[in-house]
Amino acid sequence: MQDDKILQVKGLKKYFPVKKGMLKKTVGYVKAVDGVDMELYRGETLGLVGESGCGKSTTGRMLLRLLDATEGTILFNGTPIEHMKGAELRKTRQKMQMVFQDPYAPLNPKMTVEQIVREPYDIYGIGSMEERRRRVEEILAEVGLGKQHMTRFPHEFSGGQRQRIGIARAMALNPELVICDEPVSALDVSVRAQVLNLMQGLQEKHNLSYIFISHDLSVVRHISHRVAVMYLGHIVEIAGKTEIYKNPLHMYTKVLLSAIPVPDPDRTRNRIALNGEIPSPVKPPSGCVFHPRCEHCKNICREKMPELKTVAPGHQVACHLYE
């Protein structure tokens, strides 16, 4: 992994308006993402974990400009892209791709595998038809599919094979950054390891950078170099995977790790139970968003949102206990 940063994010926010009444008047905002800071290095995999609804997928879509940010800065290869439009954004998107959670929905059921994987070349007008077909064959071979699969349609494949097709399409334009939004959560357990190993092989071969969004911490531990923990639109802890699994600092990170199943019927893990429910992103708590559920809550936690600060080399946490 190199030292140069392919992606830098500062103060990223996404607020969705809440409208009511016949006139659809805005009465509030869903604060889906509320001030995310992160960095991604070239050739690195950053795991982004947290409960459903914490803002993981929204963050991933903003990084690809599938959603416009309400506020914040996104630097891709040192260039700000949050306000890019037209031809400039179109050119940048060649280097940024996404692998979706559902292995079937992103695939056009009326198109053959060849047409699906070739579509990026058709859109950008790259190469002759013969060159495009040859490149499709090469990409399919990279993901474990053969020439005989090119004339088939998505419904003729298993879930794992469909995800391989989706990965092949994402790889078509030789991207530098791939956002993986729960790419193995819809697959059988027996197939997950195959797809993860495929993704790691492609990363090593093409020096890809991944942001791997997941709620499965076992999968994240397998594939990630660093892990970022997200809660209610905020990053609460970032560290290398070994450090964060052995020495979690934020209470929420400890709760998530305590919920990982132990693959041994004779062993049990001491689960940490949380009080209360996840607060509404429409009316998040004052101060630290986690304080209503934290057993170490202080007065300052109710008043001020802690900043994400470095407490050890490569280890950042947003908690007043470590200030």
Side-chain angles (χ1 to χ4, degrees), residues 6 43 45 57 60-61 63-67 76-77 81 84-187 191-192 194-213:
I6 187 172
T45 299
S57 295
R61 290 170 185 268
L63 297 180
L64 291 184
R65 290 294 313 281
L66 298 178
L67 288 173
F76 178 65
N77 283 329
I81 66 169
M84 270 189 184
K85 294 181 180 179
E88 188 179 19
L89 178 59
R90 178 185 172 92
K91 183 178 180 180
T92 300
R93 276 186 169 156
Q94 293 187 51
K95 299 300 181 182
M96 309 167 72
Q97 296 295 321
M98 190 164 189
V99 177
F100 296 90
Q101 177 178 2
D102 189 331
Y104 186 69
L107 306 180
N108 190 329
K110 297 181 180 179
M111 295 173 68
T112 64
V113 169
E114 179 186 352
Q115 292 171 327
I116 290 171
V117 179
R118 195 188 69 211
E119 190 174 25
Y121 301 123
D122 297 339
I123 292 173
Y124 285 95
I126 299 173
S128 65
M129 187 59 69
E130 183 178 342
E131 290 172 335
R132 296 175 192 177
R133 182 180 177 85
R134 183 171 65 251
R135 179 58 181 147
V136 170
E137 291 181 15
E138 293 172 355
I139 296 173
L140 289 178
E142 280 194 279
V143 300
L145 297 174
K147 185 177 180 179
Q148 69 275 16
H149 296 117
M150 293 174 62
T151 57
R152 300 182 187 177
F153 292 88
H155 72 270
E156 300 180 74
F157 294 90
S158 66
Q161 289 175 318
R162 290 172 188 163
Q163 197 61 291
R164 289 172 185 267
I165 296 169
I167 293 171
R169 182 175 60 183
M171 292 297 302
L173 295 174
N174 297 315
E176 298 176 17
L177 170 65
V178 180
I179 308 294
C180 308
D181 190 3
E182 307 254 17
V184 297
S185 64
L187 306 180
V191 180
R192 290 183 185 182
Q194 299 175 19
V195 175
L196 290 173
N197 290 337
L198 167 64
M199 294 178 67
Q200 287 180 312
L202 291 172
Q203 181 178 46
E204 293 172 3
K205 182 176 181 179
H206 300 284
N207 197 30
L208 295 171
S209 301
Y210 290 144
I211 289 184
F212 193 93
I213 299 169

Problem set entry | Sidechain-backbone polar pair: Arg152 side chain, Val113 backbone, donor-acceptor under 3.5 Å | no
dist Leu89:CG -> Lys91:NZ (nearest 0.5 Å) comes out at 12.5 Å
Taken to the nearest 0.5 Å, the spacing of Leu177 CG from Ile6 CD1 works out to 5.5 Å
Sorted by chain and number, sequence neighbours left out, side-chain hydrogen bond (donor to acceptor under 3.5 Å, both in side chains) with Glu142 holds for Lys205, His206
Scanning both residues in full, the closest heavy-atom pair of Gly43 with Asn207 reads CA-OD1, 3.4 Å
So CG of Leu66 and OG of Ser57: to nearest 0.5 Å the spacing works out to 11.5 Å
Taken in chain and number order and not counting sequence neighbours, the residues that satisfy side-chain hydrogen bond (donor to acceptor under 3.5 Å, both in side chains) with Asp122 are Arg118, Arg132
On a heavy-atom basis, the closest approach of Gln97 and Arg93 is NE2-O, 3.2 Å
side-chain contact (heavy atoms from CB on, under 4.5 Å) filter on Thr112, not counting sequence neighbours, yields Glu114, Gln115, Phe153
Between the CG atom in Leu64 and the OG1 atom in Thr92, the distance rounded to the nearest 0.5 Å is 11.5 Å
Residue set satisfying side-chain hydrogen bond (donor to acceptor under 3.5 Å, both in side chains) with Asn77, at least two apart, ordered chain then number -> Arg42, Glu176
Could you pull out every donor-acceptor pair under 3.5 Å between side chains of residues 159-173 and any protein atom, sequence neighbours left out?
| residue | atom | partner | partner atom | Å |
| --- | --- | --- | --- | --- |
| Gln161 | OE1 | Ser158 | N | 3.1 |
| Gln161 | OE1 | Ser158 | OG | 3.4 |
| Arg162 | NE | Pro154 | O | 3.0 |
| Arg162 | NE | Phe157 | O | 3.1 |
| Arg162 | NH2 | Phe157 | O | 3.3 |
| Gln163 | NE2 | Phe100 | O | 3.1 |
| Gln163 | NE2 | Pro183 | O | 2.7 |
| Arg164 | NH1 | Val143 | O | 2.7 |
| Arg169 | NH1 | Pro106 | O | 3.2 |
| Arg169 | NH2 | Pro106 | O | 3.1 |

key: Ile213 side chain near Ile179 side chain, heavy-atom distance below 4.5 Å   = yes
Residues 95-111 vs salt bridge (Lys or Arg N to Asp or Glu O under 4.0 Å), sequence neighbours excluded, gives none
Q: Compare all side-chain heavy atoms of Glu119 with those of Met111 and state whether any distance is below 4.5 angstrom.
A: yes
Between the CD atom in Gln203 and the OG atom in Ser209, the distance rounded to the nearest 0.5 Å is 7.0 Å
Those residues at least two apart in sequence (or on a different chain) that pass side-chain contact (heavy atoms from CB on, under 4.5 Å) with Glu204 are none
The salt bridge (Lys or Arg N to Asp or Glu O under 4.0 Å) partners of Glu138 (sequence neighbours excluded) come to Arg135
Glu130 atom CD, neighbour heavy-atom count above 12 within 6.0 Å: no
Taken in chain and number order and not counting sequence neighbours, the residues that satisfy side-chain contact (heavy atoms from CB on, under 4.5 Å) with Glu88 are Met84
Applying side-chain hydrogen bond (donor to acceptor under 3.5 Å, both in side chains) to Arg61 and not counting sequence neighbours gives none
In short, ring-ring contact (aromatic ring centres under 6.0 Å, His included) pairs touching residues 104-125 with sequence neighbours left out are none
Closest non-hydrogen atoms of Tyr210 and Met199, given as atom of the first, atom of the second and distance, are OH-O, 2.8 Å
Checklist entry - Just wondering, do Arg90 and Ile123 contact through their side chains at under 4.5 Å, heavy atoms? => result yes
Taken in chain and number order and not counting sequence neighbours, the residues that satisfy side-chain contact (heavy atoms from CB on, under 4.5 Å) with Glu137 are Arg133, Lys147, Met150
